[in-house]
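Just so it is clear: chains get the letters A, B, ... in the order the sequence lines come, proteins before strands, and each one is counted from 1.
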Protein chains: 2
Amino acid sequence: MSVNPGEMATIKDVARVASVSVATVSRVFSGSVAVREETQRRIREVATALRYSPHGGARSLSTSRTHTLGVLLPDLYGEFFSEVIRGIDLAARRSGYHIIVSGSHNERCEIEAAMRAMRGRVDGVIVMSPNIDAQALIANLPDSHPVVLLNCTIRGSAFDSVTIDNMRGARGMVRHLIGHGHSRIAIVTGAAGNRDGNERRRGYHSALSEAGIRRNPSWEIPGAFTEDSGFDAARALLGLSVRPTAIFAANDSMAIGVLSALREAGVSVPDEIAVAGFDDISIARHVSPPLSTVNVPIAGLGELATTRLMSALLEKERHVSRRDVLRTTLMIRSSCGRAGHEH
Amino acid sequence: MSVNPGEMATIKDVARVASVSVATVSRVFSGSVAVREETQRRIREVATALRYSPHGGARSLSTSRTHTLGVLLPDLYGEFFSEVIRGIDLAARRSGYHIIVSGSHNERCEIEAAMRAMRGRVDGVIVMSPNIDAQALIANLPDSHPVVLLNCTIRGSAFDSVTIDNMRGARGMVRHLIGHGHSRIAIVTGAAGNRDGNERRRGYHSALSEAGIRRNPSWEIPGAFTEDSGFDAARALLGLSVRPTAIFAANDSMAIGVLSALREAGVSVPDEIAVAGFDDISIARHVSPPLSTVNVPIAGLGELATTRLMSALLEKERHVSRRDVLRTTLMIRSSCGRAGHEH
DNA sequence: TTGTAGGCGTTATCAG
DNA sequence: CTGATAACGCCTACAA
């Protein structure tokens, strides 16, 4: 009664109808202090009758805690990001937090704008910025709230970070190929300037040089992490006078594109050319032939980042920042030769 | 100066340092009313010096507009959701909105709790609830803010909705198979109780009956939209005394699992068994053989839902709710026979 | 063009 | 256990 039907009921409405003070209603809903059983019941009844529920924004203005995490991503395309978000959401919800995500942030200014816009809406932020140039500039972000870097580190910064051991993973896979007798190994790299891609290429280089194999620049084809770019790269490789005997793609999507191009060209895998990928997305084991790849705990990446952020939130003052590096696992299937041994 | 270094600067700090009133600072940042050039410049200088940026939460408390959209999803797994989110994020950002996403809501109570928790944090909500049971109960959600239903409709409710024409898409694909001489057509359905899955099955039934083909219950294998469930379903089908000559999977992930199982069993596709999927995820054209499927404008689904929500937000009072149904397109590739004609 | 003051919905402090 | 009341950070008439 006497509640504006169009608007939403506020704590005042509930207090008035239940004949108590707003303070008491607040106590009931935040569960902080004890309220008499009888009073409490009455308040809850009135609240449901009025369809009242606390206003999150107002609550956080008063407590200065939003119970929300910001997630800044370069893109939202493909299974990789979907998995990362899933991991973050899982861990966040477990702690009663929401996440507000924002994609397509590659430029420095965009990231800064997004972070600014999140001021007062989040308690902390997870930032993924694989673009090299942007990284240098993220370094001096306003430290309005705790930040955890995902898949990117910044020298000298005090930010927490969670990354994948791309270098070791790639090196392991290339070593495996070399161990199976391959020496003409090509790579389809990630987008230029992409940190993960660059590290994976470094791993490739490292494995080659430790085996005394000289690099061949024409066997390093730039890709863009998409199936189509893998497809194109493979076609380029097939056009070479000296073909490689193995192709290592910097991610699974490109590897699948490679498989597709080879099939179309009538090149048998792995007999004529071996193929390997990186990430181990769920489809990898179901393509033809099943794709050898480097397993990355993608959702785990998001979960760990969230965990770190949460602890930074709690410890608040004097939180000692840390850098976690997630290990990868070699998944040897048939695309790179039969009967491989797990690493 | 005289600004607490640990805390974040507020509008008051800026006003004090710039020797103006908070109102003027506010005007500069909201750009509503004109402020003298000179004054404006000074304020901006002070603001950057103090690293000030408006507090979103406080701002929305006084304007009662959060510039944020809530997105409730049943799950966050796989390329489908990733694409939907991408579409929503794209459209939302275009209008200067953020999105706060929340996954794993299948039960009615979870959805309600999530919506309650979003009170005061969002201006409107996009809800995807493919679970049949939940739908009946969503009907009486608190109408705290505008809602757009994604891929689910509720009889008699006044909610806007954006859905895919699953029925027609599936029927078209099955008709195509029939047109190519198949009559023993199996289906791997979606999870029981999933609306999309059910409608696709209805389309399958419809195509069969209009062609005078009797259904065979043992050719309707329940799946779960995952590669693995498609794999298992195909194995079950292969074990039958009378095998189907075509398998229609209710989504691409399962179709890929089916292909994988058939290959492993040495069954050639499409010669011995034709295979078709639904969704047309980007990998579909790159698997072996390239997968015939039903193209769904997934990101478009998210974009349209956002557009509808935005207009509901603007029109506010007396917004006439509408139901959009997105058409699908048949993508005939080689997994269901050669030289098909596009629909 | 600029300043003053009230209010947005909650929580927290301090009395009773 | 409960009730006033001052924040929280910002916006917006209303005045000047």
Could you give the [atom1]-to-[atom2] distance, from [X] to [N], as a whole number of Å?
X: Leu61(A); N: dC8(D); atom1: CG; atom2: C1'; answer: 4 Å
X: Lys12(A); N: dT5(D); atom1: NZ; atom2: P; answer: 13 Å
X: Phe29(A); N: dT10(C); atom1: CZ; atom2: P; answer: 9 Å
X: Arg65(B); N: dT12(D); atom1: CZ; atom2: P; answer: 11 Å
X: Glu37(B); N: dT1(C); atom1: CD; atom2: P; answer: 11 Å
X: Asp13(A); N: dG9(C); atom1: CG; atom2: P; answer: 9 Å
X: Arg116(B); N: dG9(C); atom1: CZ; atom2: P; answer: 19 Å
X: Glu38(B); N: dT2(C); atom1: CD; atom2: C1'; answer: 14 Å

May I ask you to evaluate whether [X] reaches the phosphate of [N], defined as a side-chain N or O under 4.0 Å from OP1 or OP2?
X: Arg59(B); N: dG9(D); value: no
X: Ser26(A); N: dT11(C); value: yes
X: Thr10(B); N: dG9(D); value: no
X: Arg36(B); N: dT2(C); value: yes

Between Thr66(A) and Asp123(A), is a side-chain hydrogen bond (donor to acceptor under 3.5 Å, both in side chains) present by the stated rule, with each step listed? CA-CA 6 Å; Thr66(A) 62; Asp123(A) 293 336; 2.8 Å; yes
Does one side chain, of Ser21(B) or Thr24(B), offer a donor that lies under 3.5 Å from an acceptor on the other?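 Yes - a donor-acceptor pair under 3.5 Å links their side chains.
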Hey, does the side-chain of Arg119(B) have a donor or acceptor N/O within less than 3.5 Å of a partner on the base of dG9(C)? no
Counting the atoms with a prime plus P, OP1 and OP2 as sugar-phosphate, which does Val25(B) contact under 4.0 Å by heavy atoms, base, sugar-phosphate, or nothing? nothing
From [options], pick the nucleotide closest to the side chain of [X]?
X: His55(B); options: dT10(C), dC10(D), dA13(D); result: dC10(D)
X: Arg27(A); options: dT1(C), dT2(D), dG9(C); result: dT2(D)
X: Ser62(B); options: dT1(C), dG9(C), dC8(C); result: dC8(C)
X: Thr24(B); options: dT2(C), dT10(C), dT1(C); result: dT2(C)
X: Thr39(B); options: dT2(C), dG9(C), dC1(D); result: dT2(C)

Between Gln40(A) and Ala23(B), which residue's closest nucleotide on DNA chain D lies nearer the 5′ terminus?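 Residue closer to the 5' terminus by nearest nucleotide: Gln40(A).
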To the nearest 0.5 Å, what is the distance between CD1 on Ile111(A) and CZ on Arg116(A)? 12.0 Å
According to the interplanar angle, ranging from 0 to 90°, do the rings of Tyr52(A) and Phe29(A) count as parallel (below 30°), tilted (30 to 60°) or perpendicular (above 60°)?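 It falls in the perpendicular class, over 60°.
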Above 12 or not: heavy atoms from other molecules or residues under 6.0 Å from CD of Glu37(B)? no
